Amino acid sequence: MSILIVPVSQLDQAKIRLRDIFSKEKIKELTLAMFKDICQKTLEIDCFSKKIVYCNTQEILEISRDYGFIPIKEERSEKTPDFNNVITEINDIIIKKFNPISTLIAFADLILISQKNFLEISELLKKNQLVICPSVNSLGISLIGRSPPNIIKTCFSNSKNSSLIAQIELAKKKKLKQIVLYDSFRAGFDADLKEHVILGYQYLKIFNLTDTETYKFLKLNLQESIRSNK
């Protein structure tokens, strides 16, 4: 059993680095658009036994059901959670509940990702212990697959190195042998900063993704937001 996990920040805390071009309400709309798009891209693929959404926001959880996801509500404390701890929490929940052979963690802001990317990574997970898709825009991680899911901890909140470098160093320390970097522009492009969103809007047109909710949102809101924030 292989499980796809999509952790999503609660809407009032999502994408705070985009507040220089979008209001909090518009960021919520963008997050919902990106989430619907990545869910849509998983509808017709059968390489995952189950698909899980982990989020504290009820609206996200309700939408996820329409796309065949199992919603799991994240319990939040008053403190802003460490993202690495969030990933560990959902990973532990899934291992206990489903005991999968492998898991793949993906994020809603991968606005260019395709069905082909999911299928290719799923195949790589059948033969490898750790599959990482590096972020195009940073030395970060856009997707990470583990087989089995508890073979290694994630390094998203590493304070000394980027998550990608920290993850590879930890894999070497743990002496993992079956490691592969999945090098893909489309799977590795995440919309996290202003410049990413502006470029992403153009790439959505280049890759003929103009029917996506994200493209529709950006077409309606991006230029006005940039003009008002110059």
Side-chain angles (χ1 to χ4, degrees), residues 4-45 51 53-69 71 83 104-121 133-143 182-230:
L4 173 66
I5 307 169
V6 181
V8 182
S9 299
Q10 62 185 54
L11 289 182
D12 61 355
Q13 295 180 3
K15 296 296 174 188
I16 59 175
R17 288 188 285 184
L18 294 181
R19 289 182 184 174
D20 57 341
I21 55 170
F22 292 127
S23 67
K24 287 182 68 174
E25 189 58 39
K26 289 297 182 184
I27 290 175
K28 289 181 182 179
E29 291 180 28
L30 174 59
T31 302
L32 286 170
M34 293 190 295
F35 177 66
K36 290 177 182 177
D37 286 339
I38 198 167
C39 287
Q40 180 67 38
K41 290 170 184 176
T42 69
L43 269 179
E44 297 180 2
I45 57 177
K51 302 178 295 183
V53 164
Y54 189 57
C55 186
N56 183 259
T57 303
Q58 192 61 35
E59 188 174 0
I60 290 287
L61 299 175
E62 291 173 357
I63 290 171
S64 72
R65 291 189 181 95
D66 297 334
Y67 294 92
F69 278 76
F83 187 59
L104 175 65
I105 296 171
F107 302 105
D109 64 354
L110 303 178
I111 61 175
L112 304 180
I113 197 168
S114 68
Q115 293 179 347
K116 181 181 178 183
N117 294 137
F118 283 116
L119 293 169
E120 289 177 344
I121 294 174
C133 179
S135 171
V136 170
N137 298 314
S138 66
L139 282 174
I141 296 172
S142 291
L143 300 102
Y182 178 74
D183 186 13
S184 166
F185 178 82
R186 289 187 62 163
F189 186 92
D190 53 355
D192 199 39
L193 299 173
K194 173 182 176 180
E195 53 266 33
H196 305 164
V197 172
I198 295 171
L199 281 172
Y201 176 60
Q202 300 301 326
Y203 287 131
L204 286 167
K205 289 188 284 187
I206 290 170
F207 289 110
N208 196 29
L209 297 172
T210 55
D211 60 340
T212 62
E213 295 299 318
T214 302
Y215 177 82
K216 294 172 185 175
F217 171 88
L218 294 177
K219 183 178 181 181
L220 185 64
N221 295 283
L222 185 58
Q223 293 302 323
E224 181 179 349
S225 295
I226 292 173
R227 283 196 299 268
S228 63
N229 284 277
K230 282 184 177 180

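Start at 1 with the first residue, then count along the sequence. Every value quoted in this text rests on a predicted model; they were computed, and no experiment measured them.
Rounding to the nearest 0.5 Å gives a distance of 7.5 Å between OG of Ser142 and CG of Asn137. To the nearest 0.5 Å, the span separating SG on Cys133 from CD1 on Ile105 amounts to 13.5 Å. To the nearest 0.5 Å, atoms CD1 (Ile21) and CG (Leu222) are separated by 6.0 Å. From Tyr215, atom OH reaches atom CG of Leu220 across 11.0 Å, with rounding to the nearest 0.5 Å. Atom-to-atom distance recorded for Arg19:CZ and Lys24:NZ is 5.0 Å, nearest 0.5 angstrom. Of the inter-residue distances, the one linking Phe118 atom CZ with Leu110 atom CG reads 7.0 Å to the nearest 0.5 angstrom.
Thr42 pairs by the side chain to side chain donor-acceptor pair (under 3.5 Å) definition with Lys51, not counting sequence neighbours. Every residue two or more places apart in sequence or in another chain that forms a salt bridge (Lys or Arg N to Asp or Glu O under 4.0 Å) with Asp109 is listed here: Lys15. Taking the side chain to side chain donor-acceptor pair (under 3.5 Å) definition, one finds that Thr212 meets it with nothing, sequence neighbours left out. In this structure, the side chain to side chain donor-acceptor pair (under 3.5 Å) partners of Ser114, at least two apart in sequence or on a different chain, are Asn117.
Leu4 and Ala106 get closest at one heavy-atom pair: CD1-CB, 4.1 Å. Nearest heavy atoms, Met34 versus Ala191: SD-CB, 4.4 Å. Minimum heavy-atom separation, Ser184 to Ala187: OG-N, 3.1 Å. Ile111 approaches Gly200 most closely through the heavy-atom pair CD1-CA, 3.9 Å.
With a 4.5 Å cut-off on side-chain heavy atoms, Tyr182 and Leu143 do not count as touching. For the pair Leu199 and His196, the minimum side-chain heavy-atom distance is 4.5 Å or more. Side-chain contact check for Ile5 versus Leu104: every heavy-atom pair is 4.5 Å or farther apart.
Within a 6.0 Å radius of CG in Asp66, more than 12 heavy atoms belonging to other residues, nucleotides or ligands are found.
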List, one per line, each side-chain donor-acceptor pair under 3.5 Å for residues 201-209, sequence neighbours excluded.
residue, atom, partner, partner atom, Å
Gln202, OE1, Lys205, NZ, 3.2

Below 3.5 Å, can you tabulate the donor-acceptor pairs from side chains in residues 53-64 to any protein atom, sequence neighbours excluded?
residue, atom, partner, partner atom, Å
Tyr54, OH, Glu89, OE1, 3.3
Asn56, ND2, Glu74, O, 2.6
Thr57, OG1, Leu11, N, 3.0
Ser64, OG, Leu61, O, 2.6

Walk me through it: do Val8 and Phe107 pass the test side-chain contact (heavy atoms from CB on, under 4.5 Å)? CA-CA 7 Å; Val8 182; Phe107 302 105; over 6 Å; no
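For the salt bridge (charged side-chain N to carboxylate O under 4.0 Å, His left out) condition, the pairs that include at least one residue of residues 28-41, sequence neighbours left out, are Lys26-Glu29. Pairs of residues two or more places apart, or lying in two chains, that qualify as salt bridge (charged side-chain N to carboxylate O under 4.0 Å, His left out) and include a residue from residues 207-219 are Glu213-Lys216.
When ring centroids are compared, Phe35 and Tyr67 stay outside the 6.0 Å threshold.
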